[in-house]
Amino acid sequence: MLMGYLMLSASIALEIIAMQFLKASDGFRNLKPGLVFIGCMMLCFFIFSKALLLIPLGIAYAIWGGVGAAATAAVAHFLFKEPLTRGMVLGITFIVGGVALLNARAIIG
């Protein structure tokens with residue numbers, strides 16, 4: 001199970017990196033960042049598929065999507081000076097709380 005969560009973490013990290021390159025690609029007008037994005041996402045999904053052999057889909061996807069969205073918003077705030085409003089922080093808090101609740105339900109039943 002630990003290996004599944006390590007693979008899930010790697011997949012999330014690749015997703016976060018990929019999103020920054022997608023932004024840098026400027027709508028795919030800059031080819032190199034666009035190609036890095038595609039490569040990162042391909043590897044991200046490959047590793048995610050391996051994590052799904054060990055972690056239930058509902059739990060894995062909730063973690064992947066929630067943590068990925070929250071971390072991507074935070075990284076974009078620092079790298080691209082994108083706004084991070086109180087409403088966005090509240091929404092991210094709800095996402096992370098929902099992921100935690102899903103995991104708690106999976107553990108305690």
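This is a predicted model, so every value here is computed, not measured. Just so you know, these numbers use all the heavy atoms, side chains as well, and skip hydrogens, waters and symmetry mates.
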Exercise. More than 12 foreign heavy atoms under 6.0 Å from CZ of Phe80: is that the case here?
Worked result: yes
Problem set entry | Asn30 side chain near Phe21 side chain, heavy-atom distance below 4.5 Å | no
For this session: Locate the shortest heavy-atom distance separating Ser25 from Gly34; write the atom from each residue and the value.
Result: CB-N, 3.6 Å
Exercise. Do Leu14 and Ile47 have side chains that get closer than 4.5 Å, going by heavy atoms?
Worked result: yes
Problem set entry | Approximate separation, where rounding is to 0.5 Å, of Thr72 OG1 and Leu79 CG | 10.5 Å
Exercise. Are Phe28 and Leu22 close enough that some pair of their side-chain heavy atoms sits under 4.5 Å apart?
Worked result: yes
Exercise. Hey, are the side chains of Thr85 and Leu90 touching, using non-hydrogen atoms and a 4.5 Å cut-off?
Worked result: no
Exercise. When rounded to the nearest 0.5 angstrom, what is the spacing between CD1 in Ile55 and CG in Leu8?
Worked result: 5.0 Å
For this session: Could you tell me the separation between the OG atom of Ser11 and the CG atom of Leu52, rounded to the nearest 0.5 Å?
Result: 8.5 Å
For this session: Give a yes or no on whether Ile16 and Val36 share a hydrophobic cluster (residues Ile, Leu, Val, Met, Phe, Trp, Tyr; joining criterion: side-chain heavy atoms under 4.5 Å apart).
Result: yes
Exercise. Do Leu84 and Ile92 have side-chain heavy atoms sitting under 4.5 Å apart?
Worked result: yes
Exercise. To the nearest 0.5 Å, what is the distance between CZ (Phe37) and CD1 (Ile17)?
Worked result: 13.0 Å
Exercise. Do the rings of Phe45 and Trp64 sit parallel, tilted or perpendicular, given the 30° and 60° boundaries?
Worked result: tilted
Seminar exercise, completed: Distance col, row Ser49:OG vs Leu57:CG, nearest 0.5 angstrom, shows 11.5 Å
Exercise. Do Met3 and Phe46 share a hydrophobic cluster (ILVMFWY, side-chain heavy atoms under 4.5 Å, transitive)?
Worked result: yes
Problem set entry | Residue pair Leu102 / Ile59: nearest heavy atoms and the distance that separates them | O-CD1, 3.5 Å
Seminar exercise, completed: Heavy-atom nearest pair, Ala70 first then Val96, reads CB-CG2, 4.2 Å
Exercise. Is Met41 reachable from Ile38 through a run of hydrophobic residues whose side-chain heavy atoms are each under 4.5 Å from the next?
Worked result: yes
Problem set entry | Value rounded to 0.5 Å, distance of OH in Tyr5 from CE in Met1 | 5.5 Å
Problem set entry | Any Met88 side-chain heavy atom under 4.5 Å of His77 side chain | no
Exercise. Applying the 4.5 Å side-chain criterion to the ILVMFWY set and letting contacts propagate, would Leu101 and Phe94 be lumped into a single cluster?
Worked result: no
